[in-house]
Amino acid sequence: MASASSSSLSPPRIPMELHEINREKLVKSLREHLSQSSRPLEGFVLLQGGEEQNRYCTDHVDVFRQESYFAYLFGVREPGFYGAIDIATGESILFAPRLSAEYAVWLGEIKPLKTLLFLLHGLNTDSNNFSKPADFEGIEKCKVDLNTLHPILTECRVFKSDMELALIQFANDISSEAHIEVMRKARVGMKEYQLESMFLHHTYFYGGCRHCSYTCICATGENSSVLHYGHAAAPNDRTLQDGDMALLDMGAEYHFYGSDITCSFPVNGKFTSDQCLVYNAVLDAHYAVISAMKPGVSWVDMHRLAEKIILDSLKKGSLLVGDVDDMMAERLGAVFMPHGLGHFLGIDTHDPGGYLQGAKRPVESGLRSLRTSRELQERMVITVEPGCYFIDALLLPAMESSKTSKFFNCKDIGRFRGFGGVRIESDVLVTADGCVNMTRVPRKTSEIEVVMAGGSWPLEKKS
């Protein structure tokens, strides 16, 4: 019988000074930009918050989550707001939605602005969608700037303040705790959605996290090779089988700030030799990247490092043959890890700022999936999520290609058809001289087996 749930955590107080600091950072950056371009230090930043959405044509209102840039600057949880910041004075104004007479009476008319408005309009390089600029009746009478604000505000979001980091750390702590709870209670015969349910319950019940950072991925068996499993057509509904690996990618969100954690483990609590081979290949890459991370390091180089370590491990396990450098030259790493190594994390799971204006995305296989190609800088928070997957749609063509077929030990690699995959993901803060892993879950195979057998975490040190 699994033990009852408990938690050592409770939701921390949310200091609204956090958003004041964010606004001050933006105003400072905007003033510097305007001064450098010989423009007057005047005008207003104007953002429109999110609106409630009904489910299609019904009167069912979906749970509201604020637009991320608006949340970053103002911290308002309710829909229908506008927010303005006076660049000259730094003062901020919130415009509440007009309520019906049954709820409130407005004390006078808000007069139209007769000055320059800096509106949010720019490309999100993860979604290829554009931010929606604020709009209101009469805006055509105002002078607007659609180009200045977005890159400056996006760059502000890349570098986290201490208060932002505290919220990201709590989201990591409660999510780490929930992952461990799921790990302990997972059993052969359960449904994948039951694992998801346990995670959601723990983070909401103990952490006050109503929202998840993204749709939970609870993949077992061959489903674990589906990179974004858990979508509407594959809704975490498989039955866990003895001998399966589970890949659980789940992260809670607290006051807009998120976490993004992936744990992989055998559902029966014991790793097989083949599972150890793949898991430790990914774990070695995970550790190597974190050990190398510091300001000035290229994220593209970190991706290549992860690929090389995974390929070397697969060669040592007799799945691959030949020179690893030759494999890298033929981009064989992308066959086993087709996604990027990681992404910025903050108010959005894929926080913006991965590609500065004018920056070109890599075009090589695997590398083109990178969500950033920047060099690391202090106060960035980025996920480290190497993976190794056996995806027929990638593996079979590579095994038949004249350029890459020579690298495969077809006999041994054949037994991994249907294995699925392994991903290990942590959220990492770049510091002045290195980095700090904000995620606190068992990672070594021995640690996972002890915790799944009911052991405490962190493991008690032997005297």
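These numbers come from a predicted model, not from an experiment.
Looking only at atom types and distance, the side chain of S426 has a donor-acceptor partner in the side chain of R443 under 3.5 Å away. Checking N129 against N124 by side-chain atom types alone, no donor-acceptor pair falls below 3.5 Å. Using modelled atom types, one finds no donor on one side chain facing an acceptor on the other under 3.5 Å when comparing S259 with Y254. In the model, E330 has no side-chain atom that pairs as donor or acceptor with a side-chain atom of T404 under 3.5 Å.
Other residues, nucleotides and ligands contribute more than 12 heavy atoms inside 6.0 Å of the CD atom of Q377. Annotation: R210, atom CZ; neighbour count of heavy atoms from other residues, nucleotides and ligands within 6.0 Å does not exceed 12. When the shell of 6.0 Å around NZ of K294 is examined, it contains 12 or fewer heavy atoms from other residues, nucleotides or ligands. Counting non-hydrogen atoms of other residues, nucleotides and ligands closer than 6.0 Å to CD of E155 gives a total above 12.
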Between H228 and T215, does a side-chain contact (heavy atoms from CB on, under 4.5 Å) hold up when you go through it step by step?
-> CA-CA 9 Å; H228 283 170; T215 302; over 6 Å; no
Using the side-chain contact (heavy atoms from CB on, under 4.5 Å) rule, take I448 and Y279 through it: C-alpha gap first, then chi angles, then the decisive distance, then the call.
-> CA-CA 12 Å; I448 291 170; Y279 185 90; 3.2 Å; yes
Just do the side-chain contact (heavy atoms from CB on, under 4.5 Å) check on K191 and D237 with the steps written out, would you?
-> CA-CA 6 Å; K191 290 288 190 178; D237 59 356; 5.5 Å; no
Under the side-chain contact (heavy atoms from CB on, under 4.5 Å) rule, what do L395 and V335 come out as? Steps first, then yes or no, please.
-> CA-CA 6 Å; L395 195 59; V335 172; 4.0 Å; yes
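Here P15 pairs with R13, E17, M163 under the side chain to side chain contact (heavy atoms under 4.5 Å, CB included) rule; sequence neighbours left out. Shown here are the salt bridge (charged side-chain N to carboxylate O under 4.0 Å, His left out) partners of D326, two or more places apart in sequence or in another chain: there are none. Remark: H201 pairs with F205 by the ring pair (Phe, Tyr, Trp, His ring centres under 6.0 Å) rule, at least two apart or across chains.
Side-chain contact between M452 and N268: absent, with no pair of heavy atoms (C-beta onward) separated by less than 4.5 Å. With contacts defined as side-chain heavy-atom distances shorter than 4.5 Å, the pair L396/R417 qualifies. Contact of the Y69 side chain with the L149 side chain is not registered, since no non-hydrogen atoms from C-beta on lie closer than 4.5 Å. At least one side-chain heavy atom of M293 sits under 4.5 Å from a side-chain heavy atom of V384. Side chains of R374 and W299 form no contact here, defined as non-hydrogen atoms less than 4.5 Å apart. Side-chain contact check for Y72 versus Y257: some heavy-atom pair is nearer than 4.5 Å. Counting only heavy atoms from C-beta outward, the side chains of F199 and S175 approach each other to under 4.5 Å. Considering only heavy atoms from C-beta on, C156 stays 4.5 Å or farther from N22 through its side chain.
The shortest heavy-atom contact between C263 and V441 is SG-CG2, 3.9 Å. In this structure, M327 and G322 approach most closely via the heavy-atom pair CE-O, 3.7 Å. For the pair L94 and G83, the tightest heavy-atom approach, listed with the atom from each and the gap, is CD2-CA, 4.2 Å. The shortest heavy-atom contact between V76 and Q66 is O-NE2, 2.9 Å.
With respect to E253 and R65, a salt bridge is recorded, a charged nitrogen being found less than 4.0 Å from a carboxylate O. Between K316 and D284 there is no salt bridge, since none of the side-chain N atoms of the basic residue sits less than 4.0 Å from a carboxylate O of the acidic one. Between E364 and R304 a salt bridge is recorded (basic side-chain N to carboxylate O distance below 4.0 Å). The existence of a salt bridge linking K308 and D312 is excluded, since no basic side-chain nitrogen approaches an acidic carboxylate oxygen closer than 4.0 Å.
Rounding to the nearest 0.5 Å gives a distance of 11.0 Å between CD1 of I310 and NE2 of H286. Residue D126 holds its CG atom at 9.0 Å from OG1 of T372, rounded to the nearest 0.5 Å. How far OG1 of T439 is from CD1 of I424: 12.0 Å, rounded to the nearest 0.5 Å. One distance of note links CD1 of I152 with NZ of K25; it measures 13.5 Å at 0.5 Å rounding. In this structure, CG in L167 is found 6.0 Å from CG in L18, a value given to the nearest 0.5 Å. Interatomic distance, CG of L247 versus OG1 of T262, reported as 6.0 Å (0.5 Å rounding).
Between H19 and H255, the ring centre distance stays below 6.0 Å. Ring centroid separation for the pair F81 and F70 does not come in under the 6.0 Å cut-off. No close placement of the H150 and F130 rings is indicated, their centers lying 6.0 Å or farther apart.
Side-chain N or O atoms of R184 include none that pairs as donor or acceptor with a backbone N or O of G454 at under 3.5 Å. With N409 contributing its side chain and S318 its backbone, the two residues share a donor-acceptor pair below 3.5 Å.
When T349, D348, D249 are each tested for a side-chain hydrogen bond (donor to acceptor under 3.5 Å, both in side chains) with Y214, only one passes: D249.
The aromatic rings of F408 and F336 lie tilted to each other, with the angle between the two planes from 30° to 60°.
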